[in-house]
Amino acid sequence: MRGSVGIDITGRSVRIVQISRKHERLFVPRTYTRQAGSQDSSAESAPAGSLLAEALREADIEPSAPVVVGLPYDKVFFSGFRTDLAKQEDVRRLLKFELEDDFPVPFDDLVMDICGCRSVNEREREYLIAAVSRREMDMCLHELRETGRKCVVLSTDVCALHAVVQVACPDDSGPSMILHVDGHRMILGVVQDNDIVYARHVACAEPEAATLVREVELARRAVFGRQGAEPIPIFLSGPNGLVEELSKPLASATGCEIRRADLWPHVQSSQDPELGGQYDVALGYALIGLGLGSDAPNFLEADVSQADRTAKSRAKHAAAVSVVLLAAILALFGAKLFGDLRTLKVEDARLEEEIRAVFTDAFPDEKKIVNELAQMTEHVKSLRKERDTLAAAVGQRVRPLRILHVLSERMTSEKGIAISSFSIRDATVQLAGTGRSFESVEQFREELRQVPEFASVELEDVALSQGSDRPAFRLLISVKIG
């Protein structure tokens, strides 16, 4: 019988679910919840490590079961990255250079992984990137090690909820939303082609239908655009009473079909403990540990520093082996020096003929051949210089002054638009700022779409700034070239 333990950590609580699978049937031997003390006024910022250690000491779970855990929702950051690259290995190499300014944590302290991908058009793809602080990750893993537990997967809560929905509704492959509310947080994800393409975490002690409706609408517009924001199913998760209270007003306001993201009625055994929606996140982590659902991000495998350390260790080993081999080769060479001298001369002449043949094939117009390797190096440098000159010329075709002029014309006082950052890379303009209201941000975006020089204007994100009633937004503008 295979088993796995899922642990859902917040600043207020730790929930644990142990799940087992035998002959394709799922069992839940036990669940456990540990709440923070109500007298703690700063419960949300309290160290989750102390709660985790107490919960693991008190929960009666198998010591050998693999553990899957996620960091608290306020420790995980998400960002979208658009590119024409199709291979994830190529995308990972670009993240450090493209997303360095997108996270509120120093980039060298981040561990990133890819949550999902969607096609924006025939050429471009948008990758959803999840990032966590390496310091926070190490603290969580240290607490687990102190209890004798070993974490096999470190992921994020929206991926855990996605695993629950995939196992509960394996045949539902269309676009959908996942929405979890449990009294102190809201987790929202958009799924397209079985990939998570949008994720958002919001702290909300008393979730109201109006707040959820606004977040759902912003997510639909961010993923599908204003024209394509058709109603899609919403899988609602959370404590049963809260889900029942929110289902009808949410369905009425959004026009979306509300479905219960409940796996357990389909597989529940009479011997299993009662599961409520408050355990959905921990249950999703346990399913990930069993290999169910889609491949979820694993920050342990994505840790660049660990990979670097492994690479350095392998490099040292390879260097030691190389030294030994080189010494053996030199000994053999010295012993056979006189006997093989003629053979080496013949081989040298053959290599020179091959180099000359390669040079002649690569540069047929070169008539004066003096030193083939040196001449090939000069030709390559010349070609590279021409390419760099051409690339620089093409990159300068977007005029920053013209872009600033266009933006200033449309930043009228009645909109209350304020720009906080502005950058240009090739034909793409990234713009961030605040507006007087959500309507003024939308009006500003629609006016920019009328600018003939702009090929497209996309709203990447808009939300109320922390401690402010002004919405903060990010725009991605594609400039026409030529």
Side-chain angles (χ1 to χ4, degrees), residues 78-84 98-99 101-102 118-126 128 188 190 197-198 200 210-211 213-232 253-255 394-482:
F78 294 95
S79 181
F81 173 49
R82 289 194 179 188
T83 178
D84 57 357
E98 298 293 341
L99 301 182
D101 300 325
D102 285 14
R118 70 184 181 101
S119 296
V120 180
N121 50 49
E122 293 181 357
R123 189 177 62 89
E124 280 190 313
R125 293 174 175 83
E126 184 174 47
L128 179 64
L188 177 63
V190 179
V197 297
Y198 177 91
R200 179 164 165 76
T211 302
V213 169
R214 183 189 64 190
E215 294 294 339
V216 167
E217 182 62 25
L218 289 174
R220 286 164 56 183
R221 292 193 178 192
V223 176
F224 304 107
R226 186 174 184 181
Q227 302 300 324
E230 296 294 333
I232 58 177
T254 62
V394 172
Q396 294 173 358
R397 296 177 69 180
V398 175
R399 296 174 294 169
L401 291 179
R402 173 58 182 164
I403 300 299
L404 289 173
H405 177 71
V406 171
L407 294 176
S408 63
E409 284 184 334
R410 286 153 180 82
M411 290 168 53
T412 56
S413 59
E414 60 271 5
K415 297 189 191 71
I417 299 295
I419 303 301
S420 59
S421 67
F422 169 83
S423 64
I424 297 177
R425 177 182 289 274
D426 297 331
T428 301
V429 179
Q430 290 184 333
L431 184 68
T434 59
R436 179 168 297 163
S437 63
F438 287 97
E439 291 75 16
S440 67
V441 173
E442 185 63 24
Q443 183 182 358
F444 181 58
R445 176 195 179 196
E446 290 299 325
E447 290 187 9
L448 292 180
R449 282 184 166 182
Q450 308 304 318
V451 178
E453 291 95 335
F454 294 166
S456 65
V457 181
E458 299 295 333
L459 184 62
E460 287 193 309
D461 189 22
V462 59
L464 291 177
S465 303
Q466 186 174 6
S468 171
D469 59 350
R470 291 174 60 86
F473 64 90
R474 292 205 313 269
L475 291 177
L476 186 68
I477 304 173
S478 296
V479 182
K480 295 179 181 178
I481 299 299

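Checking side-chain atoms of Arg118 against main-chain N and O of Val223 turns up a donor-acceptor pair under 3.5 Å. Counting only distance, with no hydrogens or angles, the side chain of Arg449 and the backbone of Val457 share a donor-acceptor pair below 3.5 Å. Using a distance-only test at 3.5 Å, with no hydrogens or angles considered, no donor-acceptor pair links the side chain of Arg470 to the main chain of Ile417.
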side-chain contact (heavy atoms from CB on, under 4.5 Å) evaluation trace for Leu476 with Gln430: CA-CA 5 Å; Leu476 186 68; Gln430 290 184 333; 3.7 Å; yes
Full working for side-chain contact (heavy atoms from CB on, under 4.5 Å) between Val197 and Leu128: CA-CA 6 Å; Val197 297; Leu128 179 64; 5.6 Å; no
CA sep, side-chain torsions, deciding dist, call: Glu126, Arg82, salt bridge (charged side-chain N to carboxylate O under 4.0 Å, His left out): CA-CA 4 Å; Glu126 184 174 47; Arg82 289 194 179 188; 3.7 Å; yes
Test log, rule salt bridge (charged side-chain N to carboxylate O under 4.0 Å, His left out), inputs Arg445 and Glu442: CA-CA 5 Å; Arg445 176 195 179 196; Glu442 185 63 24; 3.7 Å; yes
Criterion side-chain contact (heavy atoms from CB on, under 4.5 Å) on Leu464 and Asp469, from CA distance to verdict: CA-CA 6 Å; Leu464 291 177; Asp469 59 350; 5.5 Å; no
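Between Arg125 and Asp84, the shortest heavy-atom distance links the atoms NH1-O, 4.1 Å. When all heavy atoms are compared, the tightest approach of Pro471 to Val462 is CB-CG2, 4.2 Å. Looking at every heavy atom in both residues, Tyr198 comes nearest to Ala222 through CE1-CB, 3.8 Å.
Here CD of Glu458 is found 12.0 Å from CG of Leu448. Values are rounded to the nearest 0.5 Å. Going from atom CD1 of Ile477 over to atom OG of Ser456 covers 9.0 Å, rounded to the nearest 0.5 Å. Distance check, rounded to the nearest 0.5 Å: CZ of Arg214 to OG1 of Thr211 gives 5.5 Å. Note that CD of Glu446 is 13.0 Å distant from CD of Glu439, once rounded to the nearest 0.5 Å. Expressed to the nearest 0.5 Å, how far OG of Ser440 lies from CZ of Phe473 amounts to 8.0 Å.
Between Leu475 and Glu460, the closest side-chain pair of non-hydrogen atoms is not below 4.5 Å. In this structure the side chain of Arg221 never reaches within 4.5 angstrom of the side chain of Leu459, judged on heavy atoms. Lys480 is not listed as a side-chain neighbour of Glu453, based on a closest heavy-atom distance of 4.5 Å or more. For the pair Phe454/Val429, no side-chain contact is recorded, criterion being any heavy-atom separation below 4.5 Å from C-beta on. Thr428 has its side chain out of reach of Val479: every pair of non-hydrogen atoms, C-beta onward, lies at least 4.5 Å apart. Taking the side chain as every heavy atom from C-beta outward, Val190 and Arg220 never approach each other to under 4.5 Å. Residues Leu407 and Phe444 have side chains in contact (heavy-atom distance under 4.5 Å, counting atoms from C-beta outward).
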